[in-house]
Structure formats: structure tokens, C-alpha cells
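The structure under discussion appears below in the form of C-alpha cells.
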Amino acid sequence: DVQLQASGGGLVQAGGSLRLSCKASGITFDDYAIGWFREYPGEEREGVSCISSGDGKKVYVDSVKGRFTISSDNAKNTVYLQMDSLKPEDTAVYYCAALYARSCPSWYDYHIWGQGTLVTVSS
């Protein structure tokens, strides 16, 4: 069965860093686009970043450009989200998701989802 497991969340002070991991089983990253999303309390989820091996592209939402970096270790079937210069506004539950696609899709096209990991950034 296809499974995605997000981990690495925690509590960090503003300006600090965290690295989130998304470990996949049952899929090969070369065939999928992997995205990171986050959900604020009481709000809809938003796309944060995507990586696609098919076309070698990486996508970032404007609010995290220059601060977050997405990468992958295909041998481990794991995608990472390195989060630097964290702000209190980054506090959210972060999810990873996948879609069988050559390139990063529209944010609403992902259909394979993992459980979230909570990131809390204090002032």
C-alpha cells in the first residue's frame, strides 16, 4: 500500500530552523511529484513546495521562497523540507502529498496524503 509519513516538526524560536522529512513506501519518487502543504488553525490548507524528478523542477509558494528548500533522497524514498529563518507565521501542521506525475501539478491535484507534523514557531 502507498504510504507517506511526515516527521520532523517541533517547537523552535523565531529565526531558527527545522528539517521535515517525508518518507514514502509503495511508490518510486522518480515517477511522482511530491508536495508539502501546511494548514493553519481554522483555515484551508495551502501548498508550500513541490519537487518533481520527471522535469527536475522545484516549486515554492512566495511566502517561503529564500527560506525553505525542498530536496530528495531517492535511494531512501524520502523528501525533505529544510526550513530556515522560521517565523511565527510558519506555525502550522505540515503535510506531504504525492501525485503520479512528471511535473509538479496544481496544488489541488494531489491525492496521496500522509499524516501531518506540527511546527510551532515562538516569538
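Note that the numbering runs from 1 along the sequence shown for the chain. Just so we're clear, the structure is a prediction, and the values are computed from it rather than from any experiment. Hydrogens, waters and symmetry mates play no part in the numbers below; they use all other heavy atoms, side chains included.
Using a 3.5 Å distance cut-off with no hydrogens or angles, the side chains of D55 and S52 do pair a donor with an acceptor. Side-chain contact of R38 with Y94: a donor-acceptor pair under 3.5 Å is present, judged by distance alone. Between S17 and D84, the side chains place a donor N or O and an acceptor N or O closer than 3.5 Å (distance only, hydrogens not considered). Of the N and O atoms on the side chains of Y40 and E89, not one donor lies less than 3.5 Å from an acceptor on the other residue.
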side-chain contact (heavy atoms from CB on, under 4.5 Å), that's the test. Do M83 and V119 meet it? Break it down for me. CA-CA 10 Å; M83 305 186 296; V119 172; 3.7 Å; yes

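Heavy-atom contacts from other residues, nucleotides or ligands closer than 6.0 Å to CD of Q5 number 12 or fewer. Within 6.0 Å of the CD atom in Q13, the count of heavy atoms belonging to other residues, nucleotides or ligands does not exceed 12.
Between A98 and I27, the shortest heavy-atom distance links the atoms CB-CD1, 4.2 Å. Between D31 and Y100, the closest heavy-atom pair is O-CD1, 3.4 Å. Across every non-hydrogen atom of Y95 and E39, the tightest pair is CE1-CB, 4.0 Å. L20 and G9 get closest at one heavy-atom pair: CD2-N, 3.6 Å. Contact between L18 and G8 at its shortest, heavy atoms only, is CD2-O, 4.0 Å. Contact record, V79 with S72: CG2-CB, 3.9 Å, taken as the closest heavy-atom pair.
Between D90 and R67 there is a salt bridge, since at least one side-chain N of the basic residue sits less than 4.0 Å from a carboxylate O of the acidic one.
Side-chain heavy atoms closer than 4.5 Å link hydrophobic residues (I, L, V, M, F, W, Y) into clusters, and following such links, possibly through other members, connects V64 to I51. Both L81 and L86 sit in one connected hydrophobic cluster of ILVMFWY residues. Membership requires side-chain heavy atoms under 4.5 Å apart, directly or through other members.
Taking the six-membered ring where the residue is Trp, W113 and F37 present tilted rings, their angle falling between 30° and 60°.
Between the side chain of R102 and the backbone N or O of G54, at least one donor-acceptor pair lies under 3.5 Å. Using a distance-only test at 3.5 Å, with no hydrogens or angles considered, a donor-acceptor pair links the side chain of K58 to the main chain of I70. Judged purely by atom type and a 3.5 angstrom limit, T78 has no side-chain atom pairing as donor or acceptor with the backbone of K23.
Within the 4.5 Å cutoff, the side chain of N74 has heavy atoms near those of the S53 side chain. Contact of the W36 side chain with the C50 side chain is not registered, since no non-hydrogen atoms from C-beta on lie closer than 4.5 Å. Side chains of L99 and I112 form no contact here, defined as non-hydrogen atoms less than 4.5 Å apart.
Distance check, rounded to the nearest 0.5 Å: NZ of K76 to OG of S21 gives 9.5 Å. Here the straight-line distance linking atom OG of S49 with atom NZ of K65 works out to 10.5 Å at 0.5 Å rounding.
Just one of F68, Y60, W107 meets the side chain to side chain contact (heavy atoms under 4.5 Å, CB included) condition when paired with V48; it is F68.
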